[in-house]
Amino acid sequence: MEQRQYKTVGKSVRKKDSMQLLLGKPVYTQDVVPDNALVVKILRSPHPNAIVREINTTAARKVPDVVGIYTWEDVPQTRFAIAGQTYPEPSPYDRLIIDRHVRFVGDVVAIIAAETEQAAEKAKKLIKVKYDLLEPVLDFRKAKDNATLVHPEEDWFPPCQVGGDNKRNLVASGQEEHGDVDGVMASCDIVLDRTYHTKAFNQAMMETFRTYTDMDRYGRLHVVSSTQIVFHARRILSRALGIPKSRIRVEKPRIGGGFGAKQTAVCEVYPAFVTLKTGRPAMLIYTREESQIAGSPRHEMEIRVRLGASKDGKIRVLDLYTLSNSGAYGEHGPTTVGLSGHKSIPLYTGSLEAFRFGYDVVYTNLQAAGAYRGYGATQGIFALETTVNELAEQLGMDPTVLRDRNMVKEGMVMPAYYGEVANACALDRCMAHCRDMFGWEEKYPVRDMGNGKVRCAGVAMAMQGSCISSLDVGSATVKLSDDGTYNLIIGAADMGTGCDTILAQMVAECMDCSVEDVAVFGADTDVSPYDSGSYASSTTYITGKAVEKASTDLKKQICTIGAQMMGCTEEEVVFESTRVRRVNTDQTVSLQDISYKAQLFNDQVAQATATHTSPVSPPPYMVGMVEIELDKLTGLVTILDFMAVVDCGIPINPALSRIQTEGGLVQGIGHTLMENVTYDAKGRPMESSFMQYKLPTRLDMGKLRVEFEHSYEPTGPFGAKSIGEIVINTPAPAIAHAIYRATGVWHRELPITPEKVAMTKPE
């Protein structure tokens, strides 16, 4: 394993924007836009499936300060997708800016633009709409081949063939198989056949969706948005609005949280349309209710797991089928579903003889789903890991020992993970480390605490990816500034993850300087080099490698200029932190002098841009163990201790890695125990605010402990892999396991609320 000591990489450097955030400086979208922008509001459908027969805006237009009201008759009729994915998008083109056919409670019926929020809200209430109601499809288990079509239109278009068919309510469909699944299953001593259900959890980021638009001094559409995907957003707007990408500039300020929600262009097109219509600046800010009912939550999934094993605990065969609910539109539907199998089955590469993975992604008349941290792996790992825990309980075997016998280990080929090799895999060491630090031997047994309360523990392991292999592109520009410091220009979006800081650390490591000597700018489609965006856990792994390559190139260019200044060849000089030195002499030139020379009678640029992609996506790995106290009378589950050990290769910034892990654990615990999405009989979301949608607080977390096991990934920058998504994946199966230990009941639907725990008895 190749490892070396670094000066900056591997150190817990303070985030570059920490003081601005701490002091409340204007850094977010709403902070940096002018006050004279038109207020944009959206009238939304109260019905899950209907045709707008008639819409009367006469009274609304008479409201003082109302500038414009736009309906389906005013918008372009070109269908598009709002998923932030690389072209050609795997998500179908199934949206219009405003469609006469509304497909979920919350779908857009009209856009209102006014001078004030009060005028916009008043006008919205005065718009009169008559609907022809249609039968909705609300149960995703009945959607496939249903007589009611969510998308009956003839211009529905799939840019990629992913098994979708709008005449069958299918967004995507597929199956793959390795080995003789049925034959091996028939020869197994034990076969478990279990079905799991996970809900459409909301990202609940602090900053809701919001976008500001205006026309710049060259007559181009200028978009300032809280987005993870500036380049994809530009392409989406171009198609939706029918204007060339060259006439659109998209930039993002500081993002107040995304977690994948802002990998979807949820709101950008509406103020952009208003600006094109009026020529005036426009601002749309989603309320919390809008973010809850018309955002881009996690895909609801039902996952059937068939597991075949020998009586000595060898997991021989796995058969997974995932049914995914994409909701009214198909964004991210074809891609999230793949991770439910591809990021769960390979965990058991060590023993697996055969596997099958099939899936269907269906349309329903519910809120459209999107990207959320974990991106389908979260659902699949909950299902498979819970089944493995049940196997261990049936065999009377310690579940950590069972995993030791079956898990993927370094050097193994993973057929269920596109045939990739686990070049850097410390999963076995993560398990041993976690078992030791957690005190597994003492906490695993069920302990009666008296007064109806019991304590016990559960375990799970997980994997994710570090990019979308053979697809994602990251780029970076590093340039020498006038005073001998550096500028780093990126297209990746820091959404609180600290990527600006991490990438600056890489520049500092390469250029042997302080992180304070690296100024970071991003992301802006007019200035930044192309980057797919901040998603798929790819920023550190992909963009980081581009930063490393650009820094290496810049160092060579600095040496070339320095050699010219000293009248020698490039081979005779070496780069030394703040200067270039001629070998075997005392002759040097400073970086500051080189930067001046770069501006005077010079044809050698002192900046470098590099692009990187990867044919592989090396997985990070993780083990999580939880201790709970369960009150059998009330069903309340209290988290006492959660121990996580993560293999993310070499952590670039351990403090930020730890924070990422803790945040992911909190979200996973929330999904497992309290967050819920339910609908009434008419398809209306019931949890439209944080009063109903219960989120965990720090008081719900107990003790969170995070440790790292290092591996060295040869294809990553400085040996790094990703960490952003994997950390959300172990709480659900680990907690479900602990609840079984306490109650004798396997809960196969999330969330596992106190009433479910209290009212469900062992079979």
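If you're wondering where the values come from, they're calculated on a predicted model, not measured in any experiment. Counting begins at 1 with the first residue of the sequence.
Checked by atom type and distance alone, the side chain of Asn36 never pairs as donor or acceptor with a backbone atom of Pro281 at under 3.5 Å. Glu725 places no side-chain N or O within donor-acceptor distance of the main-chain N or O of Arg373, the cut-off being under 3.5 Å. The backbone N or O of Gly84 lies less than 3.5 Å from a partner atom in the side chain of Gln263, making a donor-acceptor pair. Put simply, the side chain of Lys15 gets close to the backbone of Gly496: a donor and an acceptor are under 3.5 Å apart. A donor-acceptor pair under 3.5 Å is absent between the side-chain atoms of Gln292 and the main chain of Asn202, judged by distance alone. The backbone N or O of Tyr28 lies less than 3.5 Å from a partner atom in the side chain of Asp31, making a donor-acceptor pair. In terms of modelled atom types and a separation under 3.5 Å, the side chain of Ser238 and the main chain of Arg234 share no donor-acceptor contact. Side chain of Ser534 to backbone of Ala493: a donor-acceptor contact under 3.5 angstrom is found. The main-chain N or O of Ser296 is found under 3.5 Å from a side-chain atom of Gln203 such that the two form a donor-acceptor pair.
Atom CD of Glu713 is separated from atom OG of Ser614 by 8.0 Å, given to the nearest 0.5 angstrom. Note that SG of Cys467 is 4.0 Å distant from CD1 of Ile542, once rounded to the nearest 0.5 Å. If you take OG1 on Thr543 and CG on Leu488, they are separated by 10.0 Å, rounding to the nearest 0.5 Å. Rounding to the nearest 0.5 Å places OG1 of Thr364 at 3.5 Å from CG of Asn325. To the nearest 0.5 angstrom, Leu241 atom CG is 6.0 Å from Ile248 atom CD1. A distance of 5.0 Å separates CG of Leu276 from CD1 of Ile243, quoted to the nearest 0.5 Å.
One finds no salt bridge joining Arg288 and Glu207 here, because no Lys/Arg side-chain nitrogen approaches an Asp/Glu carboxylate oxygen to under 4.0 Å. Salt-bridge check for Glu115 with Arg280: passed, with a basic side-chain N closer than 4.0 Å to an acidic carboxylate O. A salt bridge is absent between Asp107 and Arg44; no separation between the charged side-chain nitrogens and carboxylate oxygens falls under 4.0 Å. A salt bridge links Arg220 with Asp216: the distance from a Lys NZ or Arg NE/NH1/NH2 to an Asp or Glu carboxylate oxygen falls below 4.0 Å. A salt bridge is defined here as a Lys NZ or Arg NE, NH1 or NH2 lying under 4.0 Å from an Asp or Glu carboxylate O, and Arg249 with Asp214 fails to meet this definition. Electrostatic pairing of Asp99 and Arg95 does not count as a salt bridge here, judged by no charged N lying under 4.0 Å from a carboxylate O. A salt bridge is absent between Lys16 and Asp500: the closest approach of a Lys/Arg side-chain nitrogen to an acidic carboxylate oxygen does not fall below 4.0 angstrom. Taking a cutoff of 4.0 Å between a charged side-chain nitrogen and a carboxylate oxygen, Arg235 and Glu89 qualify as a salt bridge. We find that Arg210 and Glu268 are not joined by a salt bridge, their nearest charged nitrogen and carboxylate oxygen being 4.0 Å or further apart.
Donor-acceptor pairing under 3.5 Å is recorded for the side chains of Tyr363 and Asp94. Side-chain contact check for Glu153 and Asn166: no donor-acceptor pair (N or O, by modelled atom type) lies under 3.5 Å. Between the side chains of Asp531 and Ser475, not a single donor N or O lies within less than 3.5 Å of an accepting N or O. Looking at Ser617 and Ser469, their side chains never bring a donor and an acceptor atom within 3.5 Å of each other. Ser226 and Lys262 are linked by a side-chain donor-acceptor pair at a separation below 3.5 angstrom, with hydrogens and angles left out of the test. For Tyr212 and Ser225, the side-chain atoms include no donor-acceptor pair closer than 3.5 Å.
Counting heavy atoms from C-beta outward, Leu237 and Val223 have side chains that approach closer than 4.5 Å. With contacts defined as side-chain heavy-atom distances shorter than 4.5 Å, the pair Ile285/Thr208 qualifies. Within the 4.5 Å cutoff, no side-chain heavy atoms of Pro159 are placed close to those of Tyr87. For the pair His151/Arg103, a side-chain contact is recorded, criterion being any heavy-atom separation below 4.5 Å from C-beta on. With contacts defined as side-chain heavy-atom distances shorter than 4.5 Å, the pair Thr485/Val518 does not qualify. Looking at Ser551 and Met506, their side chains never come closer than 4.5 Å, going by heavy atoms from C-beta outward. Looking at heavy atoms from C-beta onward, Val27 lies out of side-chain contact with Asp17 at the 4.5 angstrom threshold. In this structure, Ser324 and Val362 have side chains that are not in contact, with every pair of non-hydrogen atoms separated by 4.5 Å or more.
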Derivation and outcome, side chain to side chain donor-acceptor pair (under 3.5 Å), residues Tyr329 and Ser91: CA-CA 9 Å; Tyr329 299 96; Ser91 298; over 6 Å; no
Derivation of the side chain to side chain donor-acceptor pair (under 3.5 Å) call for Thr287 and Glu289: CA-CA 5 Å; Thr287 63; Glu289 179 181 4; 5.1 Å; no
CA sep, side-chain torsions, deciding dist, call: Leu480, Gln607, side chain to side chain contact (heavy atoms under 4.5 Å, CB included): CA-CA 6 Å; Leu480 181 65; Gln607 74 175 44; over 6 Å; no
CA sep, side-chain torsions, deciding dist, call: Glu331, Thr264, side chain to side chain donor-acceptor pair (under 3.5 Å): CA-CA 8 Å; Glu331 47 260 18; Thr264 302; over 6 Å; no
CA sep, side-chain torsions, deciding dist, call: Ser595, Asp482, side chain to side chain donor-acceptor pair (under 3.5 Å): CA-CA 5 Å; Ser595 70; Asp482 290 6; 5.3 Å; no
Step-by-step side chain to side chain contact (heavy atoms under 4.5 Å, CB included) determination, Met215 to Leu221: CA-CA 5 Å; Met215 302 302 291; Leu221 178 66; 4.3 Å; yes
Steps toward side chain to side chain contact (heavy atoms under 4.5 Å, CB included) verdict (Arg100, Thr71): CA-CA 8 Å; Arg100 189 176 189 180; Thr71 70; over 6 Å; no
Intermediate values then yes/no, side chain to side chain contact (heavy atoms under 4.5 Å, CB included), Thr213 and Val224: CA-CA 6 Å; Thr213 56; Val224 180; over 6 Å; no
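For Tyr530 and Phe231, the gap between ring centers is short of 6.0 Å.
For Lys545 against Gly716, the heavy-atom pair with the smallest separation is NZ-O, 3.6 Å. When all heavy atoms of Thr278 and Val67 are compared, the pair lying nearest together is CG2-CG1, 4.0 Å.
Heavy-atom neighbours of Glu154 CD from other residues, nucleotides or ligands within 6.0 Å: at or below the threshold of 12. More than 12 non-hydrogen atoms from other residues, nucleotides or ligands lie less than 6.0 angstrom from CD of Gln20.
The side-chain hydrogen bond (donor to acceptor under 3.5 Å, both in side chains) test with Tyr535 singles out one residue from Gln228, His332, His232, Gln85, and that residue is His232.
By the 30° and 60° cut-offs, the orientation of the rings of His342 relative to Tyr418 is tilted. Classification of the Phe273-Tyr70 ring pair by plane angle, with boundaries at 30° and 60°, yields perpendicular. Using cut-offs of 30° and 60° for the angle between ring planes, the Tyr286 and Phe209 rings count as perpendicular.
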